[in-house]
**Student:** 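Submitted below is the structure of interest, expressed as structure tokens.
Note that ligands are numbered from 1 as they come in the structure, with each ligand's atoms numbered from 1 the same way. Residue numbers count from 1 along this sequence.
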Amino acid sequence: MSSNVATRTIRIGSRKSQLALVQTHWVQAELSKAFPDITFEVSTMETQGDKILDVALSKIGDKGLFTQELEDDMLSRKVDFAVHSLKDLPTQLPEGLMLGCVTEREDPADALVVHEKHKDKQLDTLPEGAVIGTSSLRRLAQLRHHFPHFKFKDIRGNVNTRLRKLDEGEYDAIVLAAAGLNRLEMSDRIHQLLPAEISLHAVGQGALGIECRSGDDDILSVIKVLEHLPTAQRCYAERAFLRELEGGCQVPIGVNTQTDGDTLTLVGIVASLDGQQLIKDTVTGAPADAQSMGKELAQRLRSQGAQEILDVINAENRS
Ligand code: DPM
């Protein structure tokens with residue numbers, strides 16, 4: 001590291017939600033431990049995704065919904081890097097910015113949270129017509145496939161708002177990322193972890209992504225101390241898979257990855273919104289080939305009909 005960075009102040013950009021702040025403050029604390037002579041300051045802002053709360057996520061559609069304002073501040077040098085939930089970070093970053101670090105993953109699984117009155121129930125035993133809250137097309141399509149007798153209803157807002165809406169009786173159950181609940185110390189609200197056979201998680205779910213200016217070597221040398229290589233390799237494979245498939249809007253695409261010694265396994269799914277078609281396949285390879293594995297899996301799913309499913313969804317989202 002060059003000497004000028006050793007005594008300076010580094011500014012971190014973050015969203016304002018409680019979860020975003022927990023994540024950013026963790027990064028700040030870890031980096032302060034590793035670099036006691038550097039001052040790390042947090043600067044918070046609201047993004048488009050925090051402001052527009054009455055429109056389904058899939059309809060807003062724009063990429064970078066939760067990241068763009070932070071990216072503008074990095075490019076204009078108001079902040080030096082930004083901490084994101086990796087799953088909210090688009091696979092194509094603006095010119096001049098890069099994914100500089102991927103931190104160790106929390107549990108990437110989806111979790112079912114139920115209303116009090118269903119506390120003795122599981123997905124298998126919730127009644128016919130139970131109202132399940134999610135605005136994730138990925139969760140919707142996969143759950144509809146396995147549980148066609150439920151009703152699905154959009155839900156927006158940060159984690160706390162969603163839990164309140166559930167508790168107030170608007171929904172029988174909601175699906176959230178286990179990682180968010182764990183980080184908010186609300187693990188006790190997790191009623192059931194959804195196994196991969198029921199719901200493949202979102203690309204990058206459970207990991208933090210630190211975005212910075214491309215080639216900003218001083219900043220990169222600092223944030224890299226938080227990089228967790230096995231997580232990064234898994235997430236590079238997942239992101240390459242999504243990048244190869246995506247059209248522009250939120251799409252029902254799920255993944256699961258495992259590393260076992262020198263083998264990386266990537267499972268991916270593309271689902272139709274009615275849950276009728278699930279196209280799923282697996283590739284294995286060396287972790288160093290993560291990106292090409294992601295591409296290969298995308299091409300395999302495409303040859304099995306995934307593109308037709310995505311074209312229909314993207315056309316509907318735009319209309
Ligand atoms: C993205 C999705 C959701 C968030 C879509 C998806 C969930 C939306 C919903 C891309 N971003 O998962 O298929 O359920 O209505 C989000 C959460 C976290 C990061 C909250 C959550 C925390 C977990 C993490 C919202 N972004 O999914 O419960 O760090 O991975």
**Student:** Taking 4.0 Å as the limit for heavy-atom contacts, which would you say applies to Leu176 with ligand 1: side chain only, backbone only, both, or neither?
**Tutor:** both
**Student:** Please identify which atoms of ligand 1 are closer than 4.0 Å to at least one heavy atom of Arg138.
**Tutor:**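 In order of numbering, the contacting atoms are 6 (C), 12 (O), 13 (O).
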**Student:** Side chains of Phe150 and Asp172: does their closest heavy-atom pair fall under 4.5 Å?
**Tutor:** no
**Student:** Do other residues, nucleotides or ligands put more than 12 heavy atoms under 6.0 Å from Lys224 NZ?
**Tutor:**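 Enclosed.
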**Student:** Is there a nitrogen or oxygen of Ala177 sitting under 3.5 Å from a nitrogen or oxygen of ligand 1?
**Tutor:**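 Such a contact does occur with ligand 1.
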**Student:** Suppose I only count heavy atoms of Ala202 and a 4.0 Å limit; which atoms of ligand 1 are within that range?
**Tutor:** 12 (O)
**Student:** Please check if the side chain of Arg8 supplies one atom and the backbone of Ile38 the other of a donor-acceptor pair under 3.5 Å.
**Tutor:**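 Looks like no, no N/O pair under 3.5 Å.
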**Student:** What atoms of ligand 1 come within less than 4.0 Å of a heavy atom belonging to Leu19?
**Tutor:** 22 (C)
**Student:** Hey, which atoms in ligand 1 end up nearer than 4.0 Å to a heavy atom of Gly206?
**Tutor:**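 Reading through ligand 1 atom by atom, the close ones are 24 (C), 29 (O), 30 (O).
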**Student:** I'd like to know if Arg156 contacts ligand 1, where contact means a heavy-atom distance under 4.0 Å to any ligand atom.
**Tutor:** no
**Student:** Ser17 side chain to Ala20 main-chain N or O, any donor-acceptor pair under 3.5 Å?
**Tutor:** yes
**Student:** More than 12 heavy atoms of other residues, nucleotides or ligands under 6.0 Å from NZ of Lys165: is that the case?
**Tutor:**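 Result for NZ/Lys165: enclosed.
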**Student:** Can you establish whether the number of heavy atoms outside Asp260 located under 6.0 Å from its atom CG is more than 12?
**Tutor:**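 No - once you tally the heavy atoms of other residues, nucleotides and ligands closer than 6.0 Å, there are 12 at most.
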**Student:** I want to confirm something. Looking only at heavy atoms, which of Arg183, Gln142, Arg139 is nearest to atom 14 (O) of ligand 1?
**Tutor:** Arg139
